[in-house]
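As the structure is a prediction and not an experimental result, all values here were calculated from the model. Numbers here are sequence positions counted from 1.
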Amino acid sequence: MDKGTTMPVRDGTKRPLVGVIDDGTKTVRFVIYEAERSEELVSYQMDKTEVQPQEGWSEQDPLEIMHHIKLCAENAIDQLVELGYTKDDIVTLGITNQRETTIAWDKYTGEPLHAAIAWNDIRTDSTVDAILAKIPDRNKNYFKNICGLPISPYFSALKMRWLKDNVKAIRRASRDKRLLFGTVDTWIVWNLTGGPQGGMHITDVSNASRTLLMNLETLNWDPILCRLFGIHRDTLPQIRSSSEIYGTVKDGSILDGIRISGILGNQQAALVGQNCMQAGQAKNTYRSGCFLLYNTGTRRVKSTHGLITTVAYKLGPDVPAVYALEGSIAVAGGAMKFLRDNLRLMKDVAADTEHIAAQVFSTGDVYFVPAFSGLYAPYWRKDARGIICGLTAFTTKNHIIRAALEAVCFQTRDILEAMNKDCGMPLSKLHVDGRMTSNDLLMQLQADLIGIPVLRAQAWDMSTLGVALVAGGAAGVWGAEAARATHSDTFLPTTTDDDRDARYTKWKMAVQRSLGWATNKKSFNMTGQAKRKTSMVTQQSLDVPSSPGSRKASLFDNLLDVKLDKNYDDEEYNSYVEELLQYSARKFSIFVPSKPRKKEHTILDDVDYFMSKKECDYGMCECCAPEKKIQTNWESIEEIIENDPEIIFDSDDNPIVVEPVRNDEPVFFTSISTGAANLSKKINLDKLPGVFKSIYNKISNSQLT
Ligand SMILES: Nc1ncnc2c1ncn2[C@@H]1O[C@H](COP(=O)(O)OP(=O)(O)O)[C@@H](O)[C@H]1O
Ligand SMILES: O=P(O)(O)OC[C@H](O)CO
C-alpha cells in the first residue's frame, strides 16, 4: 500500500485505525474502525462453507477460516486507500468469534487434525450421556457451580472428548504430545503469530468460559473438569484477559507486524459494543442463533432457571472479570435460512422475510419451534426436535414464515422470564443488535410479545465494535469515555397483557410437543437400527456361532448376557438394545484390581469426594490408591493390541502399565442408563468378547479362555 497517498481522510482528522477479525458461524469479516468512532470505516465479508456430513453434524474448515481472514483483510485494506489511509495506520487488531466451535491441530505441522466441530453440532449426544453416567444422579447441572454451564453438546469439552474418542490421529497426537486444542480465537491467534514457528497458544476468558473446562472463580482450567472430560491441560491454551497486548502478527500476510490486543466471544463483544457495561444492563443479538446477555458486574449469579453464567469480559490482566447471565437460543436467523434452503419458501432472507410475513396479520395459530439441534436455554433439552404445529387447510407460507419470526420472539421471552426470576428485577427495555434486527416486523413482534420497548442499535454489528473498543483500549488509542454506540430506533409494545400471555401459553404448549422427540425409542424403526437388531436376532435364533473377535459377534455376546440379566418387555428391550448398540457397546471399562484400596472411590465415581479433597491430587495420594481403571473403546483396544500390547493409555492418554492381578477376578462391565432404569451390568466372563480376553491376558499374565 502506498504510504504517501494524498487522499484526504474523511473529516480532515486522521485517527489511528483498529482492525477487527470477525469469524461468525456463516461468515468471516474484516472490519476497520477509526479509534474513538463507533461507525465502521470499511469492511469486507466472505461466506464460509458449512459441511454437514451427517444429520445433526456441522463442520467448518479451519484452513478456510484462515484463508478468508487473509482475503477479507486484503480487500478491506484496499478500500482504505480511497479514504486517505494506508495499512500502516492500523495500529492494532481485535478478534471476535463464534464461540464453543472446537479445533484440534498438530503443534509441529500446524495441520488441523479434524474439521472444526461447530457450536451447534450435536454429534456429542452420546458423549454427554457417557459423561452424565459418571455424575451423581446424572445431574447435568452438577458442575454449574464451577463453570456456570450445564453438560450439553453445545460446549467445547464435549467436542474435545468426542475428537479424542473418535479420531485416531488425535489420539496419536495426544500420545505424542503434539496435540493442541482451541476455540476459533485460539486457532486464529496461533496461526497469525507464527503457527508452528512459535505461535501463541492463548485464548481469552470469555471464550474459555464456554468450554465447560474453566473455573469461573480462578479463571483457569479446572483440574476436576479436565479430569472428568479427559482433556490434558497441556493441550489447552493459556487463558488471558480480553484486553491486553498479546503479541504481533508474524505470518507474512498483509497483517504482518500489527499487534493483537483484544479477544472476545462474539456475544460478549456485542455486550461491550452496545455499551452494556453496567450491572443490570442487557442486550440481545439476533444472528444465526440469538443470545441475550445480562451484565451482573463482578458478581457471578448462579441461575436456577436454566440460564448460564459466563464471563462477559476482563479488561486487562490486573482488573477483575465481569460476568453475565446468558440465555442462549440455538436457532434464530437459522430458521429463516432453513425456510429458504430446505423448504424453499423464499429466495432471499433479507429481502423477502419481512415482506412475506407482513402479508398476514397473524400466524393463524401456527407455532414453529425450531429445535433443530435440541433446545438450549432455559430448557437444555437435547432430545427436542423442530415442529410446526397448528396447521390447517388455510395455512400458507406467509403464516409459517411469520411463525418462524415469532419463534425468535417467544424464545427471547422464555429467556427474559428466566432472567427476571434469577435477577429479581425485570428488564424495562431490551437493547438489540445483529443482522436480523434490520427486520422491522421482527422488532415490532418482539416488543409486542415481551411487552417492553425494544431499542435497536445504530448498526447491526455490535460485536466488531465491542472488540475494537477493547483492542483499542489496550493499545491506548480508544479511551473509556470515547463515543459508543447508541440506539437508533425504539419499538413500543402495541398488544395487551392478556393477548401476549395467551399467545405465550400456546407457545409453551408447542414447546412441550417438541420435547423428547429425539429419544431412541421413538426413532428406533426410523434409524436403520431395527435392521441391525433383526440380523442379531436371526443369529440368536439359528444359534449360529459368532466368528471370534468380530465386532458384530462381540456385540451379540453382550446383548445376550444383558437379556438374561433382566426381564424387559419388548419395547423396553428394543430401546435398550438400540442404546447399547449406539453407546455402550462402544464404551467399556475394564477394572483390574491391583492393591487393596483404603477407600471406595475414583475421581469419576465420587466427584463430591474429590471436590472437597483436591489435595488428594486425583488418586495419586496414599488414601486414594485407585484401582487401575482403563477406559477404552473398540478401536483403541484393537489399536493397542496391534501396536503395543504391554502398554495401555488412560483417558488422559498417559501410559499405564497394568499390574498383575493377585487374587481378585478381573471385572469387565458396561453400564448405561435408559430413562429410569440404570442398567449397570457386570459382563459374564463366558460371554466376554474375545478381544477383551486377549487384552486381559496380555496385561495380567493370566489365561482367560
Ligand atoms: N431481514 C431479515 N429477516 C430475518 N432474518 C434475517 C434477515 N436478515 C438476515 N437474517 C438472518 O440472520 C442471520 C444472519 O446472521 P449473520 O450475522 O450473517 O451470521 P452469523 O450468525 O453466521 O455470524 C441469518 O441466519 C439470516 O437468515
Ligand atoms: O456466529 P453467531 O453469531 O451465530 O454466534 C454463535 C455463538 O457465538 C455461539 O455461541
Chemist: Only pairs at least two apart or in different chains count here, so list each salt bridge (charged side-chain N to carboxylate O under 4.0 Å, His left out) that has a residue in residues 183-203.
Modeler: none

Chemist: Taking everything shown except Glu217 itself, do over 12 heavy atoms lie less than 6.0 Å from its CD?
Modeler: no

Chemist: Is the closest side-chain heavy-atom distance between Leu307 and Ile415 below 4.5 Å?
Modeler: yes

Chemist: For the residue pair Ser328 and Trp380, establish whether any side-chain heavy-atom pair is separated by less than 4.5 Å.
Modeler: yes

Chemist: Sequence neighbours excluded, which residues qualify as salt bridge (charged side-chain N to carboxylate O under 4.0 Å, His left out) partners of Asp422?
Modeler: none

Chemist: Should Asp176 and Arg172 count as an ion pair when the cut-off is N to O under 4.0 Å?
Modeler: no

Chemist: For Glu326, which residues count as a salt bridge (charged side-chain N to carboxylate O under 4.0 Å, His left out) partner, sequence neighbours excluded?
Modeler: Arg99, Arg210

Chemist: If you measure only the distance, is there a donor-acceptor pair under 3.5 Å linking the side chains of Glu64 and Thr49?
Modeler: yes

Chemist: Go through the steps for Thr92 and Ser261 under the test side-chain hydrogen bond (donor to acceptor under 3.5 Å, both in side chains), then give the verdict.
Modeler: CA-CA 6 Å; Thr92 196; Ser261 60; 2.5 Å; yes

Chemist: Can you tell me how the ring of His201 sits relative to the ring of Trp105, calling it parallel under 30°, perpendicular over 60° and tilted otherwise?
Modeler: perpendicular

Chemist: Do Lys70 side-chain atoms and Ser253 backbone N/O form a donor-acceptor pair below 3.5 Å?
Modeler: no

Chemist: I'd like to check the salt bridge (charged side-chain N to carboxylate O under 4.0 Å, His left out) partners of Asp61; sequence neighbours left out, ordered by chain and number.
Modeler: none

Chemist: I'd like to know whether NZ of Lys250 has more than 12 heavy-atom contacts from other residues, nucleotides or ligands below 6.0 angstrom.
Modeler: no

Chemist: Between Gln98 and Asn266, is any side-chain donor less than 3.5 angstrom from a side-chain acceptor?
Modeler: no

Chemist: Report the distance from atom CD1 of Ile263 to atom OG1 of Thr186, rounding to the nearest 0.5 Å.
Modeler: 7.0 Å

Chemist: Assert yes or no for the condition that the ring centre distance of Trp119 to Phe291 is strictly below 6.0 Å.
Modeler: yes

Chemist: Output the distance between atom CD1 (Ile131) and atom CG (Leu228), rounded to the nearest 0.5 Å.
Modeler: 4.5 Å

Chemist: Nearest 0.5 angstrom please: Asn215 CG to Asn145 CG, how far?
Modeler: 10.0 Å

Chemist: Can you sort out the partners of Glu50 under salt bridge (charged side-chain N to carboxylate O under 4.0 Å, His left out), two or more places apart, ordered by chain and number?
Modeler: Lys26

Chemist: Do we get Arg300 above Tyr323's six-membered ring, with its NZ or CZ under 6.0 Å from the centre and within 45° of the axis?
Modeler: yes

Chemist: Mind jotting down which residue pairs meet the salt bridge (charged side-chain N to carboxylate O under 4.0 Å, His left out) criterion with at least one end in residues 233-243? Sequence neighbours excluded, please.
Modeler: Arg240-Glu244

Chemist: What is the distance from atom CD1 of Ile95 to atom OG1 of Thr203, rounded to the nearest 0.5 Å?
Modeler: 10.0 Å

Chemist: Please examine the side chains of Arg123 and Gln54, heavy atoms only from C-beta on, and report whether any two atoms are closer than 4.5 Å.
Modeler: no

Chemist: For Gly24, does its backbone N or O pair with a side-chain atom of Lys48 as donor and acceptor, under 3.5 Å?
Modeler: yes

Chemist: Between atom CG of Asn295 and atom SG of Cys276, what is the distance when rounded to the nearest 0.5 Å?
Modeler: 7.5 Å

Chemist: Can a side-chain donor-acceptor contact be found between Ser288 and Thr25 if the only test is distance below 3.5 angstrom?
Modeler: no

Chemist: Let me confirm one number: the CG-CG distance from Leu163 to Leu158, rounded to the nearest 0.5 Å.
Modeler: 11.0 Å

